[in-house]
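For the single chain, residues carry numbers from 1 onward in sequence order.
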Amino acid sequence: MVVLGERQGMTCYKKVDFGVYLGSNENERVLLPKKEVPEDFEEGDSIDVFIYKDSEDRLIATTRTPYITLNNLAVLNVKSVGKIGAFLDWGLEKDLFMPFKEMTERAEEGKSYLVYLYVDKSDRLAATMKVYKYLKTTDKYAKDDVVTGTVFEINNNIGAFVAVDNKYYGLIPKKEMHTKLKLGSQVQARVTSVRDDGKLNLSINKKIPEQMEEDAIKILEVIKEYDGELPYNDKASPEIIARDFGISKAAFKRGVGRLLKAGKIDIDEKSIKIKE
């Protein structure tokens with residue numbers, strides 16, 4: 001049986017001038033083009049191939065290994081955007097199509113996104129950015145484990161949804177999002193909790209003692225960029241702090257407190273200054 005979108009072992013049914021037909025009979029066969037046929041490959045020999053469709057919508061075999069296979073997820077790069085959708089590089093001659101209706105935001109040429117490979121209503125392979133329902137829960141990770149993943153959706157009211165290992169449910173809550181995240185961003189995060197349903201709550205911040213030291217260093221560097229005097233103190237608005245430092249107001253106050261205790265800064269009603 002020829003299975004679209006998967007790698008499978010197939011037998012040479014018939015040799016022709018332009019390649020070989022793989023399969024078991026005349027009614028169920030697929031062409032492996034001549035340029036991909038191994039030397040001395042004969043009728044009855046077996047070969048491992050991937051099955052997809054060519055530009056004329058015919059089944060075709062290839063010995064190449066695509067970056068994604070049917071019912072799986074992968075991060076793919078957008079090669080171009082046309083009138084009806086985007087075309088993704090998946091390692092094969094014919095690019096993979098992703099219709100606009102399957103995008104959670106308009107894909108941009110040159111950027112990469114996490115997608116799922118499926119067969120559409122026209123029996124063609126296509127990609128979708130709507131991957132949430134295809135992710136899995138896991139008991140692989142515990143609190144404070146460090147994980148990596150891809151941001152696949154951003155909800156301004158909830159937070160950033162992350163596919164941990166590009167397969168498991170993860171969420172960076174809104175309160176943890178002080179650094180600008182974008183669709184397709186690769187992140188390293190700490191597991192703050194494992195929910196009862198197996199989904200992971202994440203933070204891109206380290207534990208407070210470690211994060212406080214990093215934040216203090218960052219604050220000092222930014223003050224230096226202001227020629228040694230920040231034009232506001234630790235009572236500044238969260239928006240200003242997020243804009244200049246990419247951290248929360250609470251983290252800012254902790255970092256400033258650390259610098260003050262170390263004798264590296266002075267604070268008055270209008271500013272924070274580096275001590276001479």
Side-chain angles (χ1 to χ4, degrees), residues 3-6 52 66-79 81-82 84-91 95-205:
V3 183
L4 182 65
E6 295 184 3
Y52 67 117
Y67 304 147
I68 189 172
T69 55
L70 186 65
N71 300 327
N72 285 301
L73 296 124
V75 176
L76 300 181
N77 183 259
V78 178
K79 292 184 69 175
V81 180
I84 57 174
F87 295 89
L88 313 179
D89 177 12
W90 62 324
D95 296 331
L96 178 63
F97 179 60
M98 179 168 65
F100 283 131
K101 68 181 179 65
E102 293 297 332
M103 298 180 190
T104 53
E105 71 173 38
R106 193 178 180 92
E108 296 182 39
E109 184 176 332
K111 292 190 175 182
S112 297
Y113 303 92
L114 181 69
V115 299
Y116 177 86
L117 184 66
Y118 70 102
V119 176
D120 68 14
K121 293 179 181 178
S122 301
D123 202 32
R124 299 184 183 98
L125 292 171
T128 178
M129 290 165 61
K130 299 175 181 179
V131 303
Y132 186 85
K133 62 183 178 182
Y134 302 116
L135 297 178
K136 305 173 183 177
T137 56
T138 180
D139 58 3
K140 179 179 178 181
Y141 295 110
K143 184 180 178 183
D144 293 330
D145 284 348
V146 176
V147 298
T148 58
T150 305
V151 177
F152 66 88
E153 186 177 341
I154 296 175
N155 184 307
N156 292 328
N157 296 317
I158 301 174
F161 293 91
V162 177
V164 174
D165 298 338
N166 291 340
K167 64 175 73 173
Y168 304 121
Y169 292 100
L171 172 68
I172 300 173
K174 180 182 176 181
K175 65 180 181 179
E176 298 284 346
M177 287 178 58
H178 307 293
T179 300
K180 183 69 173 178
L181 295 174
K182 297 181 180 180
L183 243 60
S185 294
Q186 303 296 304
V187 297
Q188 186 175 77
R190 176 172 56 87
V191 177
T192 57
S193 66
V194 180
R195 291 164 42 180
D196 292 340
D197 59 6
K199 297 177 182 179
L200 305 174
N201 286 328
L202 309 171
S203 173
I204 50 177
N205 300 314

Check: Is there side-chain contact between Y52 and L96, with at least one heavy-atom pair below 4.5 Å?
Finding: no
Notebook entry, point to check: Can you name the closest pair of heavy atoms from A86 and A107 and give their distance?
Noted result: CB-CB, 4.4 Å
Check: Is the number of heavy atoms from other residues, nucleotides or ligands under 6.0 Å of N155 CG greater than 12?
Finding: yes
Checklist line | Side chains of L200 and V194 in contact at under 4.5 Å (non-hydrogen atoms) | finding: yes
Item checked: Between T150 and N166: side-chain donor-acceptor atoms closer than 3.5 Å -> yes
Next item on the list: Look only at the side chain of Q186 and the backbone of G184, and say whether a donor-acceptor pair between them is shorter than 3.5 Å.
Entry: yes
Item checked: Value rounded to 0.5 Å, distance of CD1 in I154 from OG in S185 -> 6.5 Å
Check: Do N77 and Y113 meet the criterion of a side-chain donor-acceptor pair at a distance under 3.5 Å?
Finding: no
Next item on the list: Report yes if some heavy atom in the side chain of Q188 is under 4.5 Å from a heavy atom in the side chain of V146; otherwise report no.
Entry: yes
Margin query: Taking the side chain as everything from C-beta on, heavy atoms only, tell me whether L117 gets closer than 4.5 Å to L125.
Written below: yes
Margin query: Any heavy-atom pair between the side chains of L73 and V115 that's under 4.5 Å?
Written below: no
Item checked: Distance (rounded to the nearest 0.5 Å) between L183 CG and L114 CG -> 9.0 Å
Would you list the atom pairs, donor with acceptor, under 3.5 Å between side chains in residues 129-139 and any protein atom, with sequence neighbours excluded?
residue : atom : partner : partner atom : Å
K130    : NZ   : K101    : O            : 2.7
Y132    : OH   : K199    : NZ           : 2.9
T138    : OG1  : K140    : N            : 2.8

Checklist line | Distance in Å, R190 CZ paired with E176 CD, rounded so as to fall on 0.5 Å steps | finding: 7.0 Å
Check: Would you say V164 and L202 make side-chain contact, with heavy atoms under 4.5 Å?
Finding: yes
Next item on the list: Go through the steps to decide whether T104 and F152 satisfy the test side chain to side chain contact (heavy atoms under 4.5 Å, CB included), and finish with yes or no.
Entry: CA-CA 8 Å; T104 53; F152 66 88; over 6 Å; no
Next item on the list: Side-chain contact test, heavy atoms from C-beta onward, threshold under 4.5 Å: evaluate it for R106 versus V81 and give yes or no.
Entry: yes
Item checked: Spatial distance of atom NZ (K79) from atom CG (L88) [nearest 0.5 Å] -> 10.0 Å
Check: Any side-chain heavy atom of D165 within less than 4.5 Å of one from Y141?
Finding: yes
Item checked: Electrostatic pair D197-R195, nearest N-O below 4.0 angstrom -> yes
